Amino acid sequence: WKHWVSFQYRAQLPIFMLTGTAFERSLCTKWMLSFVALLAYGVGYAPSTIKKCLMAIRFFHLAHDYENPLEKCPRVWQGYKAYKRMYGPTIRKYPITPEMMDWLDKVTSNQGLLGVIRRARVKFGTYLGTRSSETMGPDVHWDKIVTTDDIRPMKDEAYCTWRDAFTGVMVRFRGSKTDQYNQGCMRYVGQTGNARCLIRELHEWYKLQPDHFEGVRSEARPFFTMPDGKVATRQGLQADLRAAAVACGVDESRVGTHSLRVSCATWLYQAGYDLEYIKRHGRWVSNVAHVYLWEGSGFHDMAKRMSETKFVLHAML
C-alpha cells in the first residue's frame, strides 16, 4: 500500500480510484498497469510480491468503502498474469540439512558471543519456522519481531528465570496470521539431547551476555541483537546458510533466509509428523504448507512397515 501511495503521490493522482463509469475504469486500468509495470521492470519484483501490492490496493479500497478496483478492471489481472508467465515458475528454496547445521556449528565454535548468536538464530528458525521479519533486520517490524520479552525460559513444566537450569523456552509470536484471538501464538522448544540444541545455545548465550536477557531497559529489544548492538540482518544469515550449502555440496542459489522456514516443515515431515501438526506449529493457515515439504530418507522404513502389517479385510471375515 505504501508503494501505491508513493506512486500515485508522485504522479499527483488520487490514491482511491473511482470505477463508476467506463472512463473512470479506463483511467484506473491505465494507472494500475503502469504501477505493475514499474514494480516488474523498474524495481524487479517477483510476481508474488506484485500480487501482495495489488491485494493491498484491494484491501484499502474496500476498507474505506470504495469498490474493489481489481474487480472492475480485469485487464490489470491480465497484465499481472502475463508478467507471471514471462517470469517463469517460482524456484523453491531448499531446506538446510542437518549436515549444514553441523558445519555452521563447527566454523562458529571459536567465535565467542558472535558465534553463539549465529548458531542460535539458525536453530531458532529451524525449530520454530520463523519468517525473516520475525527475527531479522535491518528494517525492524516492531509488530512482528520477536523481542527478549517474548521468550520465557521453562524448567520442565513451569516458567522459571534465565538463571535457572531451564530445559526449554516458550516463544510468543505477536504478528501471526493464525492468531485469530489477538493473544499471540505460543510455541515451545525443548532440549534435544544432542549437539543440534537451541536450549544449549541459549544457556551459553546467557553466560556470556546475561544483561541481554535480564537487563532493565526502557524499550523492547529484538532478541537477535548482535554484539555490536545492531539487529541481526537477513544478509548475514543468508551468507551463513549459503556458506554451509557450498561446504556441503548444495546449490547455494537455492538457499536463502526463507530456507529456515522450509527446514522447519521438512524436518517435521521427515520426523513423521502429519500435515495438520506441521501447519499448526509453523503457523500456516492453508495447505500451502505442502510447498515447504521436501522428500528425503526420513521414511526409509515405510515399505518395510507396510510389508509387515497384518490384517484381514472386513469383506473376507
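The shown structure was predicted, so the numbers you read here are calculated from the model rather than taken from an experiment. Start at 1 with the first residue, then count along the sequence.
Between the Thr97 side chain and the Met100 main chain, a donor and an acceptor come within less than 3.5 Å of each other. No donor-acceptor distance shorter than 3.5 angstrom exists from the side chain of Arg283 to the backbone of Cys185, with no hydrogens or angles considered. A donor-acceptor pair is defined here as one N or O able to donate and one able to accept, closer than 3.5 Å; such a pair exists between the side chain of Asp228 and the backbone of Lys230. In this structure, the side chain of His64 does not engage the main chain of Phe16 through any donor-acceptor pair within 3.5 Å. Using a distance-only test at 3.5 Å, with no hydrogens or angles considered, a donor-acceptor pair links the side chain of Thr108 to the main chain of Leu104. No side-chain donor-acceptor contact under 3.5 Å links Arg121 to the backbone of Ala232. A donor-acceptor contact shorter than 3.5 Å links the side chain of Arg234 to the backbone of Gly137. Listed for the Thr266 side chain is no donor-acceptor partner under 3.5 Å among the backbone atoms of Ser263.
For Leu13, the side-chain contact (heavy atoms from CB on, under 4.5 Å) criterion is met by Gln8, Ala11, Trp31, not counting sequence neighbours. The salt bridge (charged side-chain N to carboxylate O under 4.0 Å, His left out) search around Glu308 returns Lys304, not counting sequence neighbours. Applying the side chain to side chain donor-acceptor pair (under 3.5 Å) rule to Thr233 yields no partners; only residues at least two apart in sequence or on another chain are considered. Checked against side-chain contact (heavy atoms from CB on, under 4.5 Å), Met306 has the following partners two or more places apart in sequence or in another chain: Met302. Checked against salt bridge (charged side-chain N to carboxylate O under 4.0 Å, His left out), Arg152 has no partners two or more places apart in sequence or in another chain. For Pro98, the side-chain contact (heavy atoms from CB on, under 4.5 Å) partners two or more places apart in sequence, or in a different chain, are Arg196, Trp267. Qualifying salt bridge (charged side-chain N to carboxylate O under 4.0 Å, His left out) partners for Asp105, counting only residues two or more places apart in sequence or in other chains: Lys123.
Note on residues 284-295: no pairs pass salt bridge (charged side-chain N to carboxylate O under 4.0 Å, His left out), not counting sequence neighbours. For residues 71-96, the set of pairs meeting the salt bridge (charged side-chain N to carboxylate O under 4.0 Å, His left out) definition, not counting sequence neighbours, comprises Glu67-Lys72. Residue pairs meeting the salt bridge (charged side-chain N to carboxylate O under 4.0 Å, His left out) criterion with at least one partner in residues 250-266, sequence neighbours excluded, are absent. Sequence neighbours left out, not one pair with a member in residues 16-31 passes salt bridge (charged side-chain N to carboxylate O under 4.0 Å, His left out).
One finds a salt bridge joining Glu201 and Arg119 here, because a Lys/Arg side-chain nitrogen approaches an Asp/Glu carboxylate oxygen to under 4.0 Å. Look at Arg172 and Asp149 and you find no salt bridge, because none of the NZ, NE, NH1 or NH2 atoms lies under 4.0 Å from a carboxylate O. Between Arg174 and Glu134 there is no salt bridge, since none of the side-chain N atoms of the basic residue sits less than 4.0 Å from a carboxylate O of the acidic one.
Under the 4.5 Å side-chain criterion, counting only non-hydrogen atoms from C-beta, Val231 is not in contact with Met226. In this structure, Ser259 and Gln238 have side chains that are not in contact, with every pair of non-hydrogen atoms separated by 4.5 Å or more. Under the 4.5 Å side-chain criterion, counting only non-hydrogen atoms from C-beta, Asp240 is in contact with Arg118. At least one side-chain heavy atom of Ile151 sits under 4.5 Å from a side-chain heavy atom of Phe124. Looking only at side-chain heavy atoms (C-beta outward), Phe223 and Thr147 stay at 4.5 Å or farther from each other. Taking 4.5 Å as the limit, some side-chain heavy atom of Ile199 sits within range of a side-chain heavy atom of His203. With a 4.5 Å cut-off on side-chain heavy atoms, Met154 and Phe166 do not count as touching. Counting heavy atoms from C-beta on, the side chains of Cys264 and Leu128 never come closer than 4.5 Å.
Thr192 and Asn194 are linked by a side-chain donor-acceptor pair at a separation below 3.5 angstrom, with hydrogens and angles left out of the test. No side-chain N or O of Gln191 forms a donor-acceptor pair with one of Arg200 less than 3.5 Å apart.
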Given side chain to side chain contact (heavy atoms under 4.5 Å, CB included), test Val169 with Leu202 step by step and report yes or no.
-> CA-CA 9 Å; Val169 290; Leu202 296 181; 3.7 Å; yes
Show your reasoning for whether side chain to side chain contact (heavy atoms under 4.5 Å, CB included) applies to Thr130 and Met136.
-> CA-CA 10 Å; Thr130 55; Met136 300 288 125; over 6 Å; no
CA sep, side-chain torsions, deciding dist, call: Ile15, Trp4, side chain to side chain contact (heavy atoms under 4.5 Å, CB included) | CA-CA 7 Å; Ile15 60 174; Trp4 171 252; 4.2 Å; yes
Applying ring pair (Phe, Tyr, Trp, His ring centres under 6.0 Å), run through Phe59 and Trp1 and close with a yes or a no.
-> CA-CA 9 Å; Phe59 171 81; Trp1 178 246; 9.0 Å; no
Check the pair Leu275 / His290 against side chain to side chain contact (heavy atoms under 4.5 Å, CB included), numbers first and verdict last.
-> CA-CA 8 Å; Leu275 181 63; His290 276 291; 3.1 Å; yes
Would you mind writing out the side-chain donor-acceptor pairs for residues 42-57 within the sub-3.5 Å range, not counting sequence neighbours?
{"residue": "Tyr45", "atom": "OH", "partner": "His3", "partner atom": "NE2", "Å": "3.2"}

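Among all heavy-atom pairs drawn from Thr167 and Asp156, the shortest one is OG1-N, 2.8 Å. Contact record, Trp103 with Cys248: CB-SG, 4.3 Å, taken as the closest heavy-atom pair. What you find for Leu208 and Gly112 is that their closest heavy atoms are CD1-C, 4.1 Å. Taking both residues in full, the closest heavy atoms of Thr29 and Cys73 are given as OG1-CB, 3.3 Å, listed atom of the first, atom of the second, then distance. Residues Ser132 and Thr257 come closest through the heavy atom pair OG-OG1, 3.2 Å.
From Asp164, atom CG reaches atom OH of Tyr159 across 14.5 Å, with rounding to the nearest 0.5 Å. Note that CD of Gln78 is 9.0 Å distant from CG of Leu33, once rounded to the nearest 0.5 Å. Of the inter-residue distances, the one linking Thr135 atom OG1 with Lys144 atom NZ reads 12.0 Å to the nearest 0.5 angstrom. With values rounded to the nearest 0.5 angstrom, Cys28 atom SG is found 7.0 Å from Leu18 atom CG. Atoms OH and CG, from Tyr277 and Leu268 in turn, are 6.5 Å apart once rounded to the nearest 0.5 Å. The OH atom of Tyr269 lies 8.0 Å from the CD1 atom of Ile278; values are rounded to the nearest 0.5 Å.
Cation-pi geometry between Arg163 and Tyr206 is not met at under 6.0 angstrom from the ring centre and within 45 degrees of the axis.
Between Tyr66 and Phe60, the ring centre distance reaches or exceeds 6.0 Å.
Ring pair Trp284/Tyr292 is tilted by interplanar angle, where 30° to 60° counts as tilted.
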